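Keep in mind that this is a model prediction, so the values were computed, not measured. Computed from heavy atoms alone, side chains included, the values below leave out hydrogens, waters and symmetry copies. Residue numbers begin at 1 in each chain, while the letters A, B, ... track the order of the sequences.
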Amino acid sequence: MSGYVSGWYDYPNGDVCLAFWKDGERCIERIPFEWYFYLTNDEFEKVRGSVYFRQLVERVKEVDGGKHVRIFSSSRRDDRREFIEFLREDGCEPLEADVSPLMRYMTDVGRSIEFEENLKILFYDLETDPRPGFENLERQRILSVAFNGIDRKTKCIDADSDDDRGEGDLLEQFLEVVEQHDLLVAWNGEKFDDVVLKARCKRIGLNPDWRMINFLDFMQLFKHPYFGYGRDAENKGVKVSYALGNIAQNLLGKKKVEGVPGHMMHKMWRTNRKLVRKYNKVDVDLMVELEDVYGYIDALKILSHMSNRFVSQWVLKVGYLNDAFILRYGSEHGIRFPTKMRAFYEDHNKSVDKFQGAYVMEPVEGMHDEVFCLDFASLYPNVIRSFNISPETKIGHRENAPGFCEAFHCEASNGVVFDMTEEGVFPAIVAMTMERRAKYKKLAAELKDAGKERTVDFRRARQRSDANKLSGNGAYGCLGSPWLRYYDRDCAEAVTLTSQEITRDVIISLAESTGIQVLYSDTDSVYLRCSMKQAEEFVELAADAIDEFVRSRGGIPGFIRLEIDDEYVRVIYLAKKRYVGLKKSGVIDVKGLEYIRTDGCRIERKLQEEIIDYVLHAQKPAAQKAERIAEDWRDRIYDKEVDVEDLTIAKSVSRHPKTYKSANVHVRVAQSLIDRGREFYVGMKIPYVVTGKKDDKLDAVHADDFDGEFDVDYYWQKKVWPPAERVLEAVFPNHDWKQLGRARNDSQCSLFG
DNA sequence: CCCCTGAGGAAATTCG
DNA sequence: CGAATTTCCTCA
């Protein structure tokens, strides 16, 4: 029996449609399904007599042991919106009314449908005529398409002519291929290929049923913090660009292939079609190879199926992922959640009140030897479990919730009281994901020990472990997001403030009273200046102190535990969230510094790296030696012994350049790209080199237009030296570093020459 | 068919 | 000109 590959709702017929393959043919299973939302029984009684209600409702059904009523009505989006508005005017909160018919079905009926393991994946890449510009993608004619699908062969179709006939032939041929697949994967497809493909088909008069196909923007997987390639430490600092060629260069060790620039595509297509085909195919091959090596689509499949959803990049959104779990859990336990605020109100843009987050201690600035890092494993999820924090277990603030009873209630650090008699939805979901994660983590470790690290089983076990970690960690964030249905400021702050109290008033206080110096603490970690023996003893003491605290507030002890994370030979703290340490293992751990940031330039990172390397490893670092390292780099800059890659700074343009209040230099460079009709997307990283100042603002050229001229003083004084200086200031607080920060003047230099 | 959070440093730009 | 605001990216 083959599994389902895609699903959608056929509105006119009122059917859930699930597609699967049989004997090489795509089949559709139709399941009649009426859409509904919920009301509590009380609210139903309040509105059932009203005129609008009787007009809009089709039928009702009591469920959840009389707690809720299912309201069946038109599933048309506008009708749904109208119904919700009427109800809200009457002070009623419709429950889960934003849940679409397909999701409703997958939540209540097809709670664990069988998904097809072997999805037919088609990687593809379009080349278009760029002349209408990037603001008019739908008018860019498709000149060539390269693809690699079930036959695993990379092919290319190109247009014979740049008119409707040529493009129409191309699309007809390509759609025949598309129809043999379930998932279309393109690099940046969300903003380019998928958009253009759909728009051009429509324009030419081809109307395939896109609902059968799922789309995936491959780039999104590589950008994602858990799946993405920033996840691995060795890839930090190279995230300068998410261009496919650059990713492949870094991850697959490929030689950089200079493709045909987008703005030259039409000309190239006319004069050298063979070359267009070649480069177009290269990109598809790279995607195929990346998936072979990294298996991110495999991981995404696991995440999707875990939450009972078809494969799509939406499960990367923590809100979507948790929604799937929570709706299903609620459905099984008779708990229904509010309608998502934003779902029907696009213009809703009011500012929401922020709540307090984590505690970050001011570090003891400078260099320290023999340091232990202790941390809580999954602090927030465990606080949620210990205090049964969940929207439906919340009783209210202590002052508004009289009758606090130690036997049945607990109180979080923000004074909010929770019912302890029944496990809440959030604690239950968090517990589930933590248990599953532990299970798969153990399995992965066993497989690794058995030498099966390269098997499919191992990869799956690790992916399942990661997927559960992602979901569990996101639970707290969901409580704090006003856009989501279970938003509850009190719950979110209960988590953060209780964690603050545990870290600051239980752990840090305990260390201080034990005579151990606390150097730094951020959220769920503490850095202690102590010996191994002291650290081990402290962990024991901490467990008792935490349990005592939790018990005193009426919570469940035993979940929150402090562990030894790592031992450092030496740590240097510069500021909150900025430090660097040398682990006993020899690994250097850099946090927050320019060295690992992606928005600086290479010489900036290089100098800081050399300085860090020196001061961490030298028994007793000497200022003079550090000075020499810095002088060497200063000379290289002033003597222009640097190339474009040393100088290129790349920053993201997070929205359209026209909408900035304060347009930094990279935004101005982006605008110039737009003005010249070059490729530009919101979210793109713009590489540039600073050339000087103009109107009191930085002036720069796009890295591609670099001609050897750059602002030497800017690079040394503003860009490269300050990050190094901050490290040196921390290590040598009494040394005067001012002289090095000055511009090198050539007459002074000649004295040494 | 989708917004996970707040805390925080540093630099560029704009404001008063 | 210094203060305030905006922006980006990181830590947790």
Side-chain angles (χ1 to χ4, degrees), chain A residues 6-9 77 98-104 106 190 211 214-215 220 225 230 236 239 309-310 312-324 340-343 346 348-349 352 354-362 375-376 378-380 470-484 486-487 489 491-493 495-497 499-500 503 520-525 574-579 590-600 649-655 660-668 685-686 690 693 695-698 700 714 718-719 722-723 726:
Chain A
S6 60
W8 64 93
Y9 192 65
R77 212 183 140 86
D98 60 291
V99 177
S100 72
L102 179 65
M103 294 308 146
R104 189 75 270 165
M106 309 250 301
E190 191 180 25
R211 296 176 305 181
N214 289 314
F215 289 87
Q220 297 304 322
K236 279 202 169 179
K239 288 188 289 184
R309 295 291 184 258
F310 286 104
S312 78
Q313 67 208 49
W314 289 311
V315 288
L316 294 177
K317 304 277 182 186
V318 173
Y320 183 87
L321 178 67
N322 274 275
D323 211 29
K340 223 184 281 186
M341 260 169 69
R342 185 67 181 266
E346 294 302 327
H348 182 274
N349 212 6
V352 279
K354 294 262 182 186
F355 58 89
Q356 282 188 68
Y359 168 66
V360 185
M361 180 185 140
E362 193 63 55
D375 72 345
F376 296 102
S378 306
L379 179 60
Y380 284 7
L470 173 66
S471 158
N473 286 349
Y476 143 76
C478 291
L479 285 172
S481 173
W483 314 117
L484 303 181
Y486 20 77
Y487 168 64
R489 202 178 171 278
C491 288
E493 213 164 45
V495 176
T496 54
L497 292 187
S499 300
Q500 275 207 23
T503 305
Y520 180 56
S521 168
D522 184 349
T523 314
D524 59 359
S525 67
L574 309 192
K576 286 179 176 179
K577 300 198 186 274
R578 311 189 112 231
Y579 59 94
V590 186
K591 301 286 181 179
L593 300 195
E594 288 73 11
Y595 170 61
I596 53 159
R597 285 182 68 106
T598 55
D599 57 350
I649 302 164
K651 285 188 184 163
S652 303
V653 176
S654 61
R655 47 182 192 274
Y660 276 81
K661 283 182 186 169
S662 176
N664 285 339
V665 64
H666 70 293
V667 178
R668 295 194 292 274
K685 283 204 162 206
I686 306 289
V690 174
K693 277 216 159 194
D695 304 331
D696 235 32
K697 284 185 278 193
L698 286 181
Y714 168 81
K718 297 281 185 190
K719 203 74 203 158
R726 284 190 287 270

Query raised in the report: Crowded around Lys718(A) NZ? As in, over 12 foreign heavy atoms under 6.0 Å?
Result: no

**Report entry** Integer angstrom distance from the C1' of dA12(C) to that of dC4(B)
**Finding:** 13 Å

Report task. Measure the acute angle between the ring planes of Phe355(A) and Tyr476(A), then classify it against the limits of 30° and 60° as parallel, tilted or perpendicular. Result -> perpendicular

Query raised in the report: What is the minimum heavy-atom distance between Arg211(A) and Tyr9(A), and which atoms define it?
Result: NH1-O, 3.8 Å

Query - Gly7(A) to Phe310(A) - nearest heavy-atom pair and separation - result: N-CE1, 3.4 Å

Examine [N]: is either OP1 or OP2 under 4.0 Å from a nitrogen or oxygen in the side chain of [X]? Give yes or no.
X         : N       : value
Ser652(A) : dC9(C)  : yes
Lys576(A) : dG8(B)  : yes
Lys685(A) : dC9(C)  : yes
Thr496(A) : dT5(B)  : no
Arg726(A) : dA10(B) : yes
Lys591(A) : dA12(C) : yes
Lys354(A) : dG6(B)  : yes

Query raised in the report: Base, sugar-phosphate, or nothing for Ala358(A), non-hydrogen atoms under 4.0 angstrom?
Result: sugar-phosphate

Query raised in the report: Across the strands shown, which category fits Tyr359(A) at heavy-atom distances under 4.0 angstrom: base, sugar-phosphate, nothing?
Result: nothing

Query - Step-by-step salt bridge (Lys or Arg N to Asp or Glu O under 4.0 Å) determination, Asp695(A) to Lys697(A) - result: CA-CA 5 Å; Asp695(A) 304 331; Lys697(A) 284 185 278 193; over 6 Å; no

Report task. Taking atom types as modelled, find out whether Lys651(A) and Thr598(A) have a side-chain donor-acceptor pair closer than 3.5 angstrom. Result -> no

Query raised in the report: What is the distance, rounded to the nearest whole Å, between atom CG of Leu574(A) and atom P of dG9(B)?
Result: 12 Å

Do any N or O atoms of the protein come closer than 3.5 Å to N or O atoms of nucleotides 13-16 of chain B, and which pairs are they?
| residue | atom | partner | partner atom | Å |
| --- | --- | --- | --- | --- |
| dT13(B) | OP1 | Val665(A) | N | 3.2 |
| dT13(B) | OP1 | Arg668(A) | NH1 | 3.2 |
| dT13(B) | OP1 | Arg668(A) | NH2 | 2.8 |
| dT13(B) | OP2 | Leu698(A) | N | 3.1 |

